[in-house]
Amino acid sequence: MTSEFRRLPSVDKLVSDEGLKQLAVGFPHELLVSLVRQQLDAERLAIAAGKPAPSDDEIVAAIARRVRRLETLGLRPVINATGVVLHTNLGRAPLSREAIAAMDTISGVYSNLEFDLDSGNRGSRQVYIEPLLCQLTGAEASLVVNNNASGVLLALSALANRKEVIVSRGQAVEIGDSFRIPDVMRQSGAKLIEVGTTNCTYVRDYDGAITPRTAALMRVHSSNFLVVGFTASVTIEELAALGKQRDIPVLDDLGSGCFLDTTAFGLAPEPMVQQSIAAGISLALFSGDKLVGGPQAGIIVGKKELIDKLRRHPLARAVRIDKIRLAGLAATLLHYLKGEATSKVPIWQMIALPIDEIDRRARAWAKALGGTAKVVDGESMIGGGSLPGSTLPTRLLAIGGEPKGKSAQALAKKLRENSNPVIARIDKDVLLLDPRSVLPEDDEIVTEALRSLVS
Ligand SMILES: *Cc1c(COP(=O)(O)O)cnc(C)c1O
């Protein structure tokens, strides 16, 4: 083993490698030395674990990868051909031109973020977004934070610490990626009181669980699953009425937070923010980057008295929204006020896309493959914790068994290795590409990527 260690090249030899020197132009010499040392340390660990020493060329290649990793931005654009419109792993909602422009304008300059231009005094970053949200939802007041998870944590911490919150047993859910209602509740210091059963909860269940320690009644939208069969749940109107009657705040974690009627697009009904406010709930909480189609944000709308309590809580500062996303969110909300969301907000353009148009685009892609692919019927999903089980009919490019006898897995990998990675879906060893979730301006890139599969 000691001899294996001795086969490793010296630091001096590696830093004078011509290829590495070329690659590291623009970086100080000490940085290259440091990367070389890190790689040699890693090789020594591997040898100690019983591996043979790699060749000098292999070590140089590994160091080259370390140099390139520093230089290439971690995040890369990808093309979402999965047909899942709000794909959480692919960054949820792409933004409108106007939202991107607003973010671009604000990012390189100073702004009146927390400065009142009239008085010359300190201001609040919330004042720019509040009129838009109140107009859209009918709420008295609003607060925008980092994301919905932090909004829920803030609301529970500010209103229910050391008190009880009543939730239906069927709604004490896990949204994914370790956001579980019972855990968030514990973190906030609130005690979760589960009522009803997994499939059935009635108003009398909430009513019977109210004590002097009850801080809130809470609804949580079961964003990512359906309960079917013998079920009963309490409507938001009923819950709001009970809250009013017993003088207890009602919190509504809407998850996606939709402003448009999804049934108009052939989808299942997704609870709308306006409905919750009209029903008389105290606070509605939802994401900026799910069905709102804006940047990541947690949006809280409702009664001014409660919003003020949230604003004053120390966590509010810890979870505050940054200026760039605030600018993008304002531009996104304006699309709804102007009634132009389905023509300007990309996710709504995708949801509203006519099937003929999808078919036309899928056929254009099929041409690039020269007869080895078919266009078939399929379904697009909304994703991102909204509209579980509800799909939109679509047309898919289907590549199966071919070309050149490559497996769907191998083809999917090849598409991911494209300079603009294309992410497809696989079903029963057939590779499927859905034009619905592909931005129209990216169609040409997909065509090129498909050509490279057959060439
Ligand atoms: C998605 C979701 C959250 C978390 O929202 P983020 O904006 O992703 O933090 C919380 N509650 C529900 C019901 C959700 O669907």
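This one's a predicted model, so the numbers in the text were calculated from it and none came from an experiment. The first residue of the sequence shown is numbered 1, and numbering continues consecutively from there. All ligand and atom numbering here is 1-based and tracks the order in the structure.
At least one side-chain heavy atom of Ile351 sits less than 4.5 Å from a side-chain heavy atom of Leu291.
Checked by atom type, the side-chain pair Ser157/His313 shows no donor-acceptor distance below 3.5 Å. A donor-acceptor contact under 3.5 angstrom links the side chains of Gln38 and Ser34, judged on distance only.
Judged as a side chain to side chain donor-acceptor pair (under 3.5 Å), and not counting sequence neighbours, Glu305 has no contacts. Phe265 is linked by a ring pair (Phe, Tyr, Trp, His ring centres under 6.0 Å) to Trp348, counting only residues two or more places apart in sequence or in another chain. Looking at residues two or more places apart in sequence or on another chain, you find a ring pair (Phe, Tyr, Trp, His ring centres under 6.0 Å) between Phe259 and Phe286, Tyr336.
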Identify all pairs of nitrogen or oxygen atoms, one from ligand 1 and one from the protein, separated by less than 3.5 Å, and list them with distances.
from	atom 1	to	atom 2	distance (Å)
ligand 1	5 (O)	Ser287	OG	3.2
ligand 1	7 (O)	Asn148	N	3.0
ligand 1	7 (O)	Ser287	OG	2.6
ligand 1	8 (O)	Arg92	NH1	3.0
ligand 1	8 (O)	Arg92	NH2	2.9
ligand 1	9 (O)	Asn147	ND2	3.2
ligand 1	9 (O)	Asn148	N	3.3
ligand 1	9 (O)	Ala149	N	2.8
ligand 1	11 (N)	Asp253	OD1	3.2
ligand 1	11 (N)	Asp253	OD2	2.7
ligand 1	15 (O)	Ser223	OG	2.5
ligand 1	15 (O)	Lys290	NZ	2.8

